[in-house]
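Input: a single structure, listed below in structure tokens.
For clarity, every value in this text was computed on a predicted model and none was experimentally measured.
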Amino acid sequence: MALDYGAGTGFTVRMEGPFGSVGSSGKITQITLPAANWKNGESPFFQTVEVAGISEASRIDIQPSKEQVAAFCVEGTMLHIENDGGIATAYAIGTKPAEDLVLQVTLTEVVSA
């Protein structure tokens, strides 16, 4: 199925294939990473995280506040979240956070090219 973009100006773009049906489907939500749930004796630390609205095709982007970014820099912590078939795992690389974290994340549906 092809989609038309820019019609009405004399210039039309038709996208077909894997990009023809891609639309804006981002969702903003919050996650909680309890300090007590980090596993592993050394970096990377990890924990499974509940993400409302996640699907097998969701990309999860963390959007920490500027205060959280500053704290991560001081503590030597980097966070990453992976989605494996709808199961999200958070990774703390460097040091594990000593306090519970509430983070904003964006879920974006992606397709393989």
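- No donor-acceptor distance shorter than 3.5 angstrom exists from the side chain of Lys96 to the backbone of Ala35, with no hydrogens or angles considered.
- Residues Leu101 and Phe46 do not share a hydrophobic cluster, defined by chaining ILVMFWY side chains whose heavy atoms lie under 4.5 Å apart.
- No hydrogens or angles considered: nothing links the side chains of Thr48 and Thr89 as a donor-acceptor pair under 3.5 Å.
- Here the shortest heavy-atom pairing between Lys27 and Gly53 reads NZ-O, 3.3 Å.
- Using a distance-only test at 3.5 Å, with no hydrogens or angles considered, a donor-acceptor pair links the side chain of Ser43 to the main chain of Gly94.
- The shortest heavy-atom contact between Gln63 and Val105 is OE1-C, 4.0 Å.
- Here the OG1 atom belonging to Thr106 is positioned 6.0 Å from the CG atom belonging to Asp61, to the nearest 0.5 angstrom.
- A 4.5 Å side-chain heavy-atom check between Leu79 and Tyr91 finds every atom pair outside the cut-off.
- Between the Gln68 side chain and the Ser65 main chain, a donor and an acceptor come within less than 3.5 Å of each other.
- The closest donor-acceptor contact from the side chain of Asn83 to the backbone of Ser58 lies under 3.5 Å.
- Of all heavy-atom pairs between Leu107 and Ala52, the closest is CD1-O, 3.4 Å.
- Between Pro34 and Gln47, some side-chain heavy-atom pair lies under the 4.5 Å cut-off.
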Q. How far apart are the C-alpha atoms of Ile81 and Leu103, what are their side-chain angles, what is the distance that settles it, and do they pass the side chain to side chain contact (heavy atoms under 4.5 Å, CB included) test?
A. CA-CA 11 Å; Ile81 300 179; Leu103 297 164; 5.7 Å; no

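- When all heavy atoms of Thr32 and Val49 are compared, the closest pair comes out as O-CG2, 3.9 Å.
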Q: Please test Phe45 against Ile93 for side chain to side chain contact (heavy atoms under 4.5 Å, CB included), starting from the C-alpha separation and ending with a verdict.
A: CA-CA 6 Å; Phe45 305 96; Ile93 299 146; over 6 Å; no

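- At most 12 non-hydrogen atoms from other residues, nucleotides or ligands lie less than 6.0 angstrom from CD1 of Ile87.
- No side-chain donor from either of Gln30 and Gln104 sits under 3.5 Å from a side-chain acceptor of the other.
- Between Ser55 and Glu109, the shortest heavy-atom distance links the atoms OG-OE1, 2.5 Å.
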Q: Show your working on side chain to side chain contact (heavy atoms under 4.5 Å, CB included) between Met78 and Phe72 and close with a plain yes or no.
A: CA-CA 7 Å; Met78 178 64 186; Phe72 297 154; over 6 Å; no

Q) Stepwise, does the side chain to side chain contact (heavy atoms under 4.5 Å, CB included) test hold for Asp100 with Val102? A) CA-CA 7 Å; Asp100 294 351; Val102 177; 6.0 Å; no

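- Heavy-atom minimum distance, Ala88 versus Val51: CB-CG2, 3.8 Å.
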